[in-house]
Amino acid sequence: VDPSRIFSFVESAEQAASPQSYARFLNRQAVVRRRTGVDINTLISQFQGDLVVDSDTHTTLGRAGLRDPATVSRLLAKLAAAKSGFSGGSALQSLGGGLYTFQPPGRRALFTVSGNQLVFGLAPAGAQMKASTLRSFAAAPGAPLPGASGALSFRISLAQLLSLTAGAQTATPLGRQILGLLGDFRGTVTAAPSALTGSATLAIK
């Protein structure tokens with residue numbers, strides 16, 4: 001997935017579907033720019049190439065290619081230095097050494113610029129993500145999807161996801177038998193100014 005293309009599509013769709021909501025979005029952007037000196041669109045435009053996300057629904061790791069890692073590093077430093085950058089409080093904090101933390105509700109994210117990528121991680125609730133885990137994920141080779149195209153490509157182990165989220169229903173003999181029949185759920189999505197289109201398939205063993 002190319003994050004900048006997806007963001008552009010979402011922004012265009014919101015502008016067309018809800019001008020009032022889009023106006024509020026622009027106002028929030030202006031507030032961040034005034035408080036931090038950072039234009040969010042400038043930051044988003046730095047993302048290029050693939051966005052790779054790996055998650056087991058507990059731990060989530062991701063990485064995205066960057067046009068100019070030095071520029072992104074400077075923008076992140078500006079955001080972290082602006083104590084009142086977001087909603088009256090500093091949502092982004094520098095831990096030193098190019099590491100930053102962000103505190104979404106109930107979780108703590110850690111991210112850094114590593115080489116020509118922005119790498120981020122979310123540990124399970126109550127746990128801490130390690131910088132070494134981020135750097136290992138940044139260096140891990142990619143695994144391209146056969147036939148993948150478009151702005152977004154995905155592959156999900158549906159059996160694993162259901163076993164993690166459905167609970168007792170999958171613990172029965174029938175539930176385990178059904179899970180054993182499910183393969184990967186995969187597909188691609190293409191973003192255009194007028195529509196988001198794509199296709200998906202579910203493999204049955």
Side-chain angles (χ1 to χ4, degrees), residues 1-17 22 25-26 28-30 32-33 36-55 59-82 85-86 91-95 97-102 104 109-122 129 131-156 184 186-200:
V1 56
D2 186 329
S4 62
R5 290 170 62 187
I6 294 295
F7 180 82
S8 296
F9 169 79
V10 172
E11 191 173 10
S12 298
E14 184 177 18
Q15 184 178 10
Y22 183 66
F25 166 72
L26 291 179
R28 290 193 297 269
Q29 274 196 322
V32 171
R33 185 166 54 247
T36 68
V38 174
D39 186 290
I40 298 302
N41 277 324
T42 299
L43 179 60
I44 295 297
S45 69
Q46 286 294 322
F47 293 97
Q48 66 173 7
D50 292 334
L51 168 65
V52 178
V53 178
D54 187 2
S55 177
T59 300
T60 299
L61 292 164
R63 65 191 190 202
L66 301 173
R67 296 179 188 277
D68 186 348
T71 294
V72 174
S73 295
R74 288 194 296 270
L75 293 175
L76 293 178
K78 279 188 176 182
L79 288 172
F86 299 97
L92 183 66
Q93 298 178 356
S94 173
L95 301 178
L99 285 168
Y100 297 89
T101 184
F102 178 73
L110 185 70
F111 57 98
T112 188
V113 173
S114 180
N116 63 346
Q117 300 178 106
L118 180 69
V119 191
F120 64 90
L122 274 172
M129 178 63 60
S132 58
T133 301
L134 293 189
R135 295 191 173 103
S136 294
F137 184 72
L145 295 178
S149 62
L152 170 65
S153 302
F154 59 88
R155 179 173 59 196
I156 301 169
D184 288 345
R186 64 176 65 191
T188 63
V189 177
T190 299
S194 59
L196 193 65
T197 59
S199 62

Quick one, Gln46 with Asp68, criterion side-chain contact (heavy atoms from CB on, under 4.5 Å). Give me CA distance, side-chain angles, the key distance, then yes/no. CA-CA 7 Å; Gln46 286 294 322; Asp68 186 348; 3.4 Å; yes
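- Summarising the geometry, atom CG belonging to Leu99 is positioned 11.0 Å from atom CG belonging to Leu76; distances are rounded to the nearest 0.5 Å.
- When atom types are taken as modelled, the side chain of Thr101 and the backbone of Ala109 share a donor-acceptor pair closer than 3.5 angstrom.
- Scanning both residues, Ala80 and Tyr100, for their nearest heavy atoms gives CB-CE2, 3.7 Å.
- Judged as a side-chain contact (heavy atoms from CB on, under 4.5 Å), and not counting sequence neighbours, the contacts of Ser73 are Val113.
- To the nearest 0.5 Å, atom CZ of residue Phe102 and atom CG of residue Leu79 are 10.5 Å apart.
- Checked by atom type and distance alone, the side chain of Arg67 pairs as donor or acceptor with a backbone atom of Ser45 at under 3.5 Å.
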For Thr71 and Arg74: C-alpha separation, side-chain torsions, deciding distance, then whether side-chain hydrogen bond (donor to acceptor under 3.5 Å, both in side chains) applies. CA-CA 5 Å; Thr71 294; Arg74 288 194 296 270; 3.2 Å; yes
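- Annotation: the span from Leu118 atom CG to Thr112 atom OG1 amounts to 8.0 Å, rounded to 0.5 Å.
- Between atom CZ of residue Phe120 and atom CE of residue Met129 there is a gap of 10.0 Å, rounded to the nearest 0.5 Å.
- Taken to the nearest 0.5 Å, the CG atom of Leu134 stands 4.5 Å off from the CG atom of Leu110.
- Arg135 places no side-chain N or O within donor-acceptor distance of the main-chain N or O of Ser114, the cut-off being under 3.5 Å.
- Note that the CD1 atom of Ile40 and the CZ atom of Arg33 stand 9.0 Å from one another [nearest 0.5 Å].
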